[in-house]
There are 2 protein chains.
Amino acid sequence: MNKPGRKRLAAVSKHDGLESGKLGELHTQLAQKLGIDILGRKWLPGEILPSEVDMANTYAISRPAVREAIRTLAAKGMVEPRRRRGTCVTERAKWNMLDPDVLSWMFASKPDETLVKNLFEMRLILEPAAARLAAQRRTEAHLKAMSDALTIMGRETLLTETGLQADIDFHAALMSAAGNEQLGALNASIGATVALSNRYKIAHDILGRDPVPAHMAVYEAILNRDPEEAHWCMQYLVRLAVKDLLHMDAIEDLPPEAGKEA
Amino acid sequence: MNKPGRKRLAAVSKHDGLESGKLGELHTQLAQKLGIDILGRKWLPGEILPSEVDMANTYAISRPAVREAIRTLAAKGMVEPRRRRGTCVTERAKWNMLDPDVLSWMFASKPDETLVKNLFEMRLILEPAAARLAAQRRTEAHLKAMSDALTIMGRETLLTETGLQADIDFHAALMSAAGNEQLGALNASIGATVALSNRYKIAHDILGRDPVPAHMAVYEAILNRDPEEAHWCMQYLVRLAVKDLLHMDAIEDLPPEAGKEA
DNA sequence: AAATTTCATTATGTAAGACGAATTGAATGG
DNA sequence: CCATTCAATTCGTCTTACATAATGAAATTT
């Protein structure tokens, strides 16, 4: 089966090899390619990937480079190398679906609507709770970070890269203010959603409503140490994003808005 | 500075080298050791780890092994190798605090009470919401998995390894029934907490109350497709665990129980 | 004939040595 | 004093070789 004729060349093989341009290290490129392929169901759980030497030949890179790529995927729970058997794709339940890399690979492989809905569902559960905690635990530094982000958002809108980053920073500062490192680890996924929804709006030219007021309301509730208000305002904010992005008034199966009226 | 005298020997260096016994691969051992050290604050964010060759000499292993270990840590966001600068420990906010390995390293480095509190705080936010979703999305397969787990729990109690596993399985089945893959990725952390609290109880010989009734209540609410009831019952269940493990009636800063009476 | 043991195969795990490339920092020159 | 150049350091990569363990088939024994 294996054609032994094809000698490994200088890492520049136009059609199936990896680019040697400014795309990062080789092992990173391969990890990315494999990750995207696995998430895109080109390799299914339980299947065995080609052996390291095969891959090295296929992509015209060295075996250590292949191994490091596999090591990366293994660290994210996606593959499991074992002697003599080869490297096996693990069951989906073991994958770190919230890892920033894995998330980006998911977006790259299939911009699935389910993924977006799942992420917003998660935000709708987490962020209001985080806001509630933040209202009670925030320090001056957190307030300043959030306030600064709001200022930039107001000045730059979401059309500029810095404005978009400010939006992300706002949510990051809030998660940090919640004072729970483990909860804070979910910020990466939230940031991805924020970026996604904003980029979508820009791409489809739906400037829509000004995002600052809703953020400001959250900020003030946290400033005033009002947990309930913070919770409600954040829920409102996320629901707005859902409405804009998914054209849904609410995510099914999640409880409707709390008692308060808009 | 470098002492060139010490030649790298056959991977068995009693005092500072890595064991060559049945502790897994060398790169895994090193990743583990470095991970624990970093989480234990022996290396602080911003600091540069020893160069790859230095480490290879120190632990009497090969450079590829060192590199694979570093690759593992990099995949979890804990270090960032760069040419000429060396491998730098990243800021804590970038670490995947919910990664199973990272969690286990945290437990190994410092059984911090804050960590336990953080994890239960997260459970108290996530699991009731997940139960609510599960009540609306569960399939027969999910019900069977949960029911089976309950049966085993009732038979084995939490004193046996299988009984403990059944408890974990119950929560895993519930998270799966919630029908959100991203949310489901948090199950690893929840499982760690469940295991932790049960092992703690066994170690301190607090058999305490029978855990089955509370679980059964959650199960029945999900069986009956009653989201509110499921939410409440799960919140009650987690609160019980908090009370047993942390001797606290409630986690501060989180809202008190809903309207219902026990 | 069935079960056990043995052994060769195969893929990952590890080692050693060399070179490439990029970035940092110091030395040099304007 | 600033800019440029250059050299040293460290990660990134390649190559080759051997070790190790697990698999499956063959051979032996019961």
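In what follows, every heavy atom counts, from backbone to side chain, and hydrogens, waters and symmetry copies are set aside. Just so it is clear: chains get the letters A, B, ... in the order the sequence lines come, proteins before strands, and each one is counted from 1.
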Please pick, from C/dT14, D/dC11, C/dG13, the nucleotide with the shortest atom-to-atom distance to any side-chain atom of B/P81. D/dC11
Where each residue is assigned the nucleotide of DNA chain D containing its nearest heavy atom, which of A/R82 and A/E25 is assigned the position nearer the 5′ end? A/E25
Taking side-chain contact (heavy atoms from CB on, under 4.5 Å) as the test, write out the residues that go with B/L34, two or more places apart. B/L30, B/M55, B/L73
Can you tell me which residue pairs pass the ring-ring contact (aromatic ring centres under 6.0 Å, His included) test with a partner in residues 151-182 of chain B, sequence neighbours excluded? B/F170-B/H215, B/H171-B/H215
List the residues meeting salt bridge (charged side-chain N to carboxylate O under 4.0 Å, His left out) with B/E47, not counting sequence neighbours, and say none if there are none. none
Residues which pass side-chain contact (heavy atoms from CB on, under 4.5 Å) with B/I152, listed by chain and number, not counting sequence neighbours: B/R155, B/E156, B/A166
Those residues of residues 85-92 of chain B lying under 4.0 Å from DNA chain D by at least one heavy atom: B/G86, B/T87
With sequence neighbours left out, write down each residue that passes side-chain contact (heavy atoms from CB on, under 4.5 Å) with B/S176, or none if nothing qualifies. B/H142
What protein N or O atoms touch nucleotides 5-10 of chain C N or O atoms at under 3.5 angstrom, if any, and at what distances?
unit_1: C/dT9; atom_1: O2; unit_2: A/R84; atom_2: NH1; d: 2.8
unit_1: C/dT10; atom_1: O4'; unit_2: A/R84; atom_2: NH1; d: 2.9

Side-chain ion pair, B/R137 and A/E121, N-O less than 4.0 Å: yes
Under the ring-ring contact (aromatic ring centres under 6.0 Å, His included) definition, can you give me all pairs with a residue in residues 60-96 of chain A, not counting sequence neighbours? none
Applying side chain to side chain donor-acceptor pair (under 3.5 Å), can you list everything that pairs with A/E161, at least two apart in sequence or on another chain? A/R199
When all nucleic acid strands are considered with a 4.0 Å heavy-atom cut-off, which category describes B/R67: base, sugar-phosphate, or nothing? base
Look for any protein N or O under 3.5 Å of an N or O in nucleotides 18-20 of chain D and output each such pair with its distance, or none.
unit_1: D/dT20; atom_1: O2; unit_2: A/R83; atom_2: NE; d: 3.4

Keeping to residues at least two apart or across chains, list the salt bridge (charged side-chain N to carboxylate O under 4.0 Å, His left out) pairs with something in residues 175-185 of chain B. A/R92-B/E181
B/A108: side-chain contact (heavy atoms from CB on, under 4.5 Å) partners, not counting sequence neighbours: B/I36
I want to check one thing: is the phosphate of C/dA11, taken as OP1 and OP2, less than 4.0 Å away from some side-chain N or O of A/S51? no
